[in-house]
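Here's the structure, in structure tokens; my notes come after.
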Amino acid sequence: MSGGKQMKIILTGVSCVGKSTIGKMFADKVGYSFFDFDYEVENYFKRPISFLKRDFLTEHSYRNKTRVVLSKILEENEDNFIIAMPPSGLMDYYWRIIKQDDSLVTVVLKDRAKNILQRIRFYDDNSNPIEVELSKESESYYLKEISLDIEYFGRTYNRANYQYRIDGKSASEVVDDLVALLFP
């Protein structure tokens, strides 16, 4: 599908925007390797992220510790991969690594808070998915939190090569659009 084009792609965006789902489908469609950064962090440190984060006072110090995983992925894979990064994927320690590699293409996936709320997923401390029924009150709370994340991380998302608005599209529609954008 990629027609021989070599590319290293980093997807980022707020939680539950669809980075992992879209990233995996995108990688399958173009024949690339796929890495979910959170999974790679857990695998590298042999601990669930929720437990790992308890070792750090701030997210900043957590990113300092986990940057080794991003470096490892980039060093061990020359081309043809997609990495789904966390919302902070273009911040401080991660960004210092990313900006050193001119061949990396960064794409921010964006959507409206109300669309993201429909895709929200919850996990226990061991990173296992759990079912949670949201009340109107908790929906309102999470809608506000998602909106705050969009605003907060949006400042660093201006660093990306591309910003793609999902606008409620299905994952397969987004993948088709990304293929057309990056593999014209």
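Note that the OH atom of Tyr93 and the CG atom of Asn64 stand 4.0 Å from one another [nearest 0.5 Å]. Interatomic distance, CG of Leu109 versus OH of Tyr157, reported as 9.5 Å (0.5 Å rounding). In this structure, CG on Asn115 lies 8.5 Å from CD1 on Ile166, to the nearest 0.5 angstrom. For the atom pair OG (Ser20) and CG (Leu11), the distance works out to 9.0 Å, reported to the nearest 0.5 Å.
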Given side chain to side chain donor-acceptor pair (under 3.5 Å), test Glu59 with Ser88 step by step and report yes or no.
CA-CA 9 Å; Glu59 287 286 324; Ser88 60; 5.3 Å; no

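Asp36 has no carboxylate O lying under 4.0 Å from a charged side-chain N of Lys24, or vice versa, which leaves the two without a salt bridge. A salt bridge between Arg54 and Asp125 is present, with a side-chain N of the basic residue lying under 4.0 Å from a carboxylate O of the acidic one. Taking 4.0 Å as the cut-off between side-chain N and carboxylate O, Asp92 and Arg67 do not count as a salt-bridged pair.
When all heavy atoms are compared, the tightest approach of Gly89 to Ile98 is O-CD1, 3.3 Å. In terms of heavy-atom proximity, Met85 sits nearest to Ile10 at CG-CG2, 3.4 Å. The minimum heavy-atom distance linking Phe34 with Ala27 is given by the pair CB-CB, 3.7 Å. Of all the heavy atoms in Ser127 and Ile49, the pair that sits closest is OG-N, 4.3 Å. When all heavy atoms of Leu90 and Trp95 are compared, the pair lying nearest together is O-CB, 3.3 Å. Between Val179 and Lys29, the closest heavy-atom pair is CG2-CD, 4.1 Å.
Tyr123 and Asn128 are not linked by any side-chain donor-acceptor pair at a separation below 3.5 angstrom, with hydrogens and angles left out of the test. Side-chain atoms of Glu137 and Ser140 form no donor-acceptor pair, as typed in the model, at a separation below 3.5 Å.
Seen from the ring of Phe45, Arg47 does not count as a face-on cation partner, given the 6.0 Å and 45° thresholds. With a 6.0 Å cutoff to the six-membered ring centre and a 45° limit on the axis angle, Lys53 counts as a cation-pi contact of Tyr62.
Judged by distance alone, the side chain of Thr12 and the main-chain N or O of Pro86 form a donor-acceptor pair under 3.5 Å. A donor-acceptor pair is defined here as one N or O able to donate and one able to accept, closer than 3.5 Å; such a pair exists between the side chain of Lys19 and the backbone of Gly13.
Residue-environment remark: CD (Glu151) stays at or below the threshold of 12 foreign heavy atoms within 6.0 Å.
Partner of Asp111 under the side-chain hydrogen bond (donor to acceptor under 3.5 Å, both in side chains) criterion, out of Lys169, Arg165, Arg119: Arg119 alone.
Ring-centre distance between Phe122 and Tyr142: below the 6.0 Å cut-off.
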